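Here's the structure, in structure tokens; my notes come after.
As the structure is a prediction and not an experimental result, all values here were calculated from the model. Start at 1 with the first residue, then count along the sequence.
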Amino acid sequence: MGPLRSFLDDGVTVFNLFVLSYFFLGNGIYTLLMLLSLRATWLHVRKMTYQGLGTLRHSPLTPPVTIVIPAWNEQQVIVDSVRSALRVDYPYLQVMVVDDGSTDQTLDHLIQSFGLIAMDGAYRPSLPTAPVRARYFNPSLPNLLVVSKERGGKPDALNVGINLCRTPYFCNLDADCLLEPDALLRLMDPIFNSGSATVVSGGIVRILNGCETRRGRVVKVGLPKTWLERFQVVEYLRSFLFGRTGWHLLGGTLIVSGAFAVFHRATVIEAGGFCHDTVTEDMDLIVQLHKWAAENNRRIRMSFTSDPVCWTECPSTLAMLAHQRRRWQLGLCQSLWKHSEILFARKYGIVGWLSFPFHSYVEGLGAAVEFVGYVLIPLGLFLHLISPGLLLLFILLGFIYGGFLSVGAVLLEELTYRRYPRLQDLLTLLLFAMLENIGYRQLVLWFRFQGVVRFLAGSRQWEKVAHVGAPAEG
């Protein structure tokens, strides 16, 4: 038993180092992002208080934008989403819906709701796509175009939108999303006022569940009723207010939400458009743009603004949450593996030396490391292979400090934007922030671990999340 015991001791020691390095690295980077985000968000709020958006709204130099909405079997939500997009406060706006061969009533609902008729026109693609079947418009709504195409997947639908877009910028918007009136103005502000070539501008996404809507507009903000949805509210706050803001400040943006982001059309076409070989086309495009810029010696900028609000419906059942998180993790691993030459490559700067390694180890491999840690550390304690002190450190880093970061995100939201104005909502969010790492985190970790397993198995399955729409104002 001596050699076996020695082998087990060595194996456990090595694994413990992996687990501890994962937590120390992850929590350390998140702390840095939190500190950067606190100052940046506070300064941004103060800037927008006195500067406003009047110049962008009225300037003849404001660049036109096309909102591209890819849709596949979204009959429950598509009409409200289009109404929301058409009511956006922006001076030069086009809205394009690309129906990706829906088998439900998505296209019919659009035709009936907006009085659309078929139109002729040649399709000359800059990016290869599945065939376009028809285009529809209403002369009374000249800034709305609906395109019907053969099924090719979301990246293909987005590429059709890019091909038909005639504006220098396009904004991709998920079919279940509703925009606040000035969201696009706020998203374009860093592009308009930047002295460098800003090719991507991302914004914050909030949970629509629990809010009341009327004809594509959020009229009352509230928290969802179920524990599963409330945990996701906290999760989104932490991810966007800390994660995305912090990486933007460091110049290491690797993820921009595909639900709501603006892109420079010509740059995206030069970089090859949205690819079909991952299930998270949004992240893949961001990494591809970094590669394109480095290979062509082009200096580009990617911006994230923490106050333009896009409301999106989060999964309300465990089954749909599993679909979403498995796909996100699978797509993350696919994109990181596909572009692995970026890792520690000097020409990519912060992206190659900090952001890409962090996402590879903490966000990618870390899902497997943490999941196995929850199994092996208690087992090692039971078999006397590890000390109780290590278990205590595991709990401190995995539960308590993670809760501290979530509480910090909720407090930052309260001190700045206050989208949830009621004291009861604030107290509820703080409670769920403290409880998030006890149960919910492990549940999401299990789904993410499944995503890693699917990646290793070579899966490319796109798991769709069904949307039911937000309740209308009563």
Side-chain angles (χ1 to χ4, degrees), residues 61-72 78 81-82 84-88 90-101 107 110 114 116 118-138 141-150 152-175 177 179 183-185 187-188 191-192 197-203 256-276 281-282 284-286 288-289 292 300 302-303 310:
L61 300 178
T62 299
V65 176
T66 298
I67 295 178
V68 178
I69 307 176
W72 181 64
I78 189 62
S81 294
V82 174
S84 173
L86 288 171
R87 291 174 182 165
V88 165
Y90 195 82
Y92 311 106
L93 178 68
Q94 297 289 320
V95 176
M96 185 191 310
V97 184
V98 183
D99 178 65
D100 189 38
L107 183 60
L110 288 168
F114 298 101
L116 303 176
M119 63 178 290
D120 295 325
Y123 178 59
R124 299 182 179 90
S126 301
L127 299 168
T129 67
V132 169
R133 295 171 177 169
R135 282 177 269 183
Y136 302 87
F137 83 114
N138 181 339
L141 292 171
N143 62 331
L144 174 63
L145 175 67
V146 173
V147 182
S148 173
K149 62 178 290 291
E150 294 184 7
K154 185 179 178 182
D156 196 72
L158 287 167
N159 285 338
V160 167
I162 295 172
N163 288 332
L164 292 173
C165 172
R166 294 297 176 262
T167 57
Y169 292 90
F170 69 92
C171 173
N172 58 317
L173 183 70
D174 279 357
C177 292
L179 295 179
L184 189 55
L185 280 171
L187 208 59
M188 289 298 293
I191 294 175
F192 183 76
T198 302
V199 299
V200 179
S201 180
V256 170
S257 174
F260 181 48
V262 166
F263 297 86
H264 185 243
R265 177 179 180 269
T267 301
V268 171
I269 291 176
E270 285 191 51
F274 290 93
C275 295
H276 299 70
E281 74 294 327
D282 45 4
D284 182 71
L285 177 60
I286 297 300
Q288 182 63 33
L289 287 170
W292 170 84
I300 62 172
M302 299 185 184
S303 174
C310 167

* Measure the spacing between OH of Tyr169 and OG1 of Thr198 and express it to the nearest 0.5 Å. => 7.0 Å

* **Close side-chain approach of His264 to Leu289, heavy-atom, < 4.5 Å** => no

* Asked: Does any non-hydrogen side-chain atom of Phe263 lie less than 4.5 Å from one of Thr267?
  -> no

* Over all heavy atoms of both residues, which pair between Ala175 and Ala71 is shortest? Give the atoms and the distance, please. => CB-CB, 4.2 Å

* **With Asp284 via salt bridge (Lys or Arg N to Asp or Glu O under 4.0 Å) - residues at least two apart** => Lys338

* To do: Might you work through the side-chain contact (heavy atoms from CB on, under 4.5 Å) test for Val256 and Leu285, ending with a clear yes or no?
  => CA-CA 9 Å; Val256 170; Leu285 177 60; over 6 Å; no

* **Check: Ile286 and Met302 side chains under 4.5 Å, non-hydrogen atoms** => yes

* Heavy-atom side-chain proximity of Ile162 to Val68 below 4.5 angstrom -> no

* Side-chain ion pair, Asp282 and Lys154, N-O less than 4.0 Å -> no

* Asked: Is there side-chain contact between Val95 and Val88, with at least one heavy-atom pair below 4.5 Å?
  -> no

* **Shortest non-hydrogen contact from Ala261 toward Asn172** => O-OD1, 2.7 Å

* Structure fact -> Rounding to 0.5 Å, atoms OG1 (Thr62) and CD1 (Ile191) come to a distance of 11.5 Å

* Examine distances only and state if a side-chain atom of Asp100 and a backbone atom of Lys149 form a donor-acceptor pair shorter than 3.5 Å. => no

* **His276 and Asn159: CA distance, side-chain angles, deciding distance, side-chain contact (heavy atoms from CB on, under 4.5 Å) verdict** => CA-CA 10 Å; His276 299 70; Asn159 285 338; 4.0 Å; yes

* Verdict with reasoning, Ile300 to Trp292, per side-chain contact (heavy atoms from CB on, under 4.5 Å) -> CA-CA 10 Å; Ile300 62 172; Trp292 170 84; 4.1 Å; yes

* CG/Leu93 to CD1/Ile67 distance, rounded to the nearest 0.5 angstrom? -> 4.5 Å

* With side chains defined as the heavy atoms from C-beta onward, is the minimum distance between Pro63 and Met188 less than 4.5 Å? -> yes

* Rounded distance [0.5 Å steps], CG in Leu164 versus OG1 in Thr66 -> 10.0 Å

* To do: Please round to the nearest 0.5 Å and tell me the distance separating atom CD of Gln288 and atom CD of Glu281.
  => 14.0 Å

* Asked: Are any side-chain N or O atoms of Arg265 and backbone N or O atoms of Thr167, one a donor and one an acceptor, separated by less than 3.5 Å?
  -> no

* Asked: Where is the tightest heavy-atom contact between Phe170 and Cys165, given as atom of each residue plus distance?
  -> CB-SG, 4.2 Å

* Asked: Taking the side chain as C-beta and beyond, is there a heavy-atom pair between Phe260 and Cys171 under 4.5 Å?
  -> yes

* Asked: Would you say the side chain of Leu145 lies within less than 4.5 Å of the side chain of Gln94, judging by non-hydrogen atoms?
  -> no

* Nearest atoms (heavy-atom pairs only) where Tyr136 meets Ser148 -> CE1-CB, 4.1 Å

Can you give me every donor-acceptor pair (side chain of residues 119-127, partner residue at least two apart or in another chain, under 3.5 Å) with its distance?
from, atom 1, to, atom 2, distance (Å)
Tyr123, OH, Thr129, OG1, 2.8
Tyr123, OH, Asn163, ND2, 2.9

* To do: Might you point out which heavy atoms bring Leu173 and Cys310 nearest each other, and give the distance in Å?
  => CD1-SG, 4.0 Å

* Structure fact -> When every non-hydrogen atom of Leu158 is compared with those of Pro70, the smallest separation belongs to CD2-CG, 3.7 Å

* To do: Nearest 0.5 Å please: distance from the CG atom of Asp174 over to the OG atom of Ser257.
  => 7.0 Å

